[in-house]
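Some notes on the structure that comes next.
Values reported hereafter were calculated over all heavy atoms of this structure, with side chains retained and with hydrogens, waters and symmetry mates removed.
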Amino acid sequence: MKELRVKIVNKSANALPCYETDLSAGMDVRASLDGPVTIAAGERMLIPTGLYMELPRGYECQIRPRSGLALKRGVTILNSPGTIDADYRGEIGIIVINHSTEPFEINSGDRICQMVIKEYVRVEWAEVETLSETQRGAGGFGHTGVG
């Protein structure tokens with residue numbers, strides 16, 4: 001397994017994002033709030049984390065929902081996965097939405113999302129007039145059957 005050292009500033013009272021198990025790909029991220037906030041049913045809100053990072057060139061940070069919050073509470077992350085670019089130096093904020101019919105309270109220290117650090121490649125376009133043929137061709141959106 002490849003390891004990567006990433007510079008991070010933590011202005012919250014919470015521990016740094018961490019892996020909950022040895023084989024976890026995502027690190028849990030916690031809310032950094034002065035007091036509880038309530039997200040009404042159908043409402044969205046930007047939740048601060050108190051975290052700032054400096055990713056190396058060629059890496060991004062993806063912000064993803066926590067499956068338990070989505071299933072049990074109907075609370076998830078918009079713009080998912082959110083991308084934090086290597087040149088961003090501001091505070092990491094999480095756009096949380098409450099899809100349930102009940103208000104949802106977030107307290108400082110609550111785990112609100114996961115972050116995954118990913119390597120990426122830069123694309124150099126090769127503009128052409130035609131593309132190679134494949135068995136699938138232009139078929140999409142369920143062309144291979146129902147479901």
Open item on the list: Quick check: do N107 and L33 have side-chain heavy atoms less than 4.5 Å from each other?
Closed with: no
Open item on the list: With a 4.5 Å cut-off on side-chain heavy atoms, are V37 and M45 touching?
Closed with: yes
Task: Heavy-atom closest pair, residues A86 and Y59 - done: CB-O, 3.6 Å
Open item on the list: With clusters defined by side-chain heavy atoms of hydrophobic residues (ILVMFWY) lying less than 4.5 Å apart, directly or transitively, does I8 cluster with M115?
Closed with: yes
Task: hydrophobic_cluster_shared for I84 and V116, side chain cutoff 4.5 Å - done: no
TODO: Supply the atom-to-atom distance Q114 CD to S67 OG, rounded to the nearest 0.5 angstrom.
DONE: 7.0 Å
- [ ] Group every Ile, Leu, Val, Met, Phe, Trp and Tyr by side-chain heavy-atom contacts under 4.5 Å, then state whether I97 and I94 land in the same group.
- [x] no
TODO: State whether Y52 and K11 meet the cation-pi test: NZ (Lys) or CZ (Arg) under 6.0 Å from the six-membered ring centroid, and within 45° of the perpendicular axis.
DONE: yes
Open item on the list: Whether the side chain of E91 engages the backbone of T49 through a donor-acceptor N/O pair (distance < 3.5 Å, no angle test) should be reported.
Closed with: yes
Task: Note: R73-E102 ion pair, threshold 4.0 Å (strictly below) - done: no
Task: Euclidean distance, T83 OG1 relative to Y120 OH, rounded to 0.5 Å - done: 10.0 Å
Task: C113 side chain reached by I77 side chain, heavy atoms, under 4.5 Å - done: yes
Open item on the list: With a 4.5 Å cut-off on side-chain heavy atoms, are N14 and S32 touching?
Closed with: yes
Open item on the list: D28: which residues meet the salt bridge (charged side-chain N to carboxylate O under 4.0 Å, His left out) condition with it, sequence neighbours left out?
Closed with: R66, R111
Open item on the list: Are E20 and M27 packed together at the side-chain level, in the sense that at least one heavy-atom pair is separated by less than 4.5 angstrom?
Closed with: no
Open item on the list: Counting C-beta onward and ignoring hydrogens, is there a side-chain heavy-atom pair between E54 and R89 closer than 4.5 Å?
Closed with: yes
Open item on the list: Would you compute the distance between atom NZ of K118 and atom CD of E60 and round it to the nearest 0.5 angstrom?
Closed with: 8.5 Å
Open item on the list: Any side-chain to backbone donor/acceptor pair from N98 onto S100? Under 3.5 Å, distance only.
Closed with: yes
- [ ] Could you check if a side-chain atom of I92 sits within less than 4.5 angstrom of a side-chain atom of V29, using non-hydrogen atoms only?
- [x] no
Task: Transitive ILVMFWY side-chain link I39 to L78, under 4.5 Å - done: no
TODO: Please answer whether the main-chain N or O of S12 pairs with a side-chain N or O of N10 as donor and acceptor at a distance below 3.5 Å.
DONE: yes
- [ ] Could I get the full list of side chain to side chain contact (heavy atoms under 4.5 Å, CB included) partners for V6, not counting sequence neighbours?
- [x] L4, M53, L55, P56
Open item on the list: If you count heavy atoms of other groups shown closer than 6.0 angstrom to CD of E133, is the number above 12?
Closed with: no
- [ ] Just jot down the salt bridge (charged side-chain N to carboxylate O under 4.0 Å, His left out) partners of E105, sequence neighbours excluded, or say none.
- [x] none
Open item on the list: Let's go through V75 and H99 carefully: what are the C-alpha distance in whole Å and the side-chain angles of both, what is the deciding distance for side chain to side chain contact (heavy atoms under 4.5 Å, CB included) to 0.1 Å, and is it a yes or a no?
Closed with: CA-CA 6 Å; V75 174; H99 284 300; over 6 Å; no
Open item on the list: Is there a path of hydrophobic side-chain contacts, each under 4.5 Å between heavy atoms of I/L/V/M/F/W/Y residues, joining I106 to L71?
Closed with: no
Task: From CG (L51) to CG (L16), nearest 0.5 Å - done: 7.0 Å
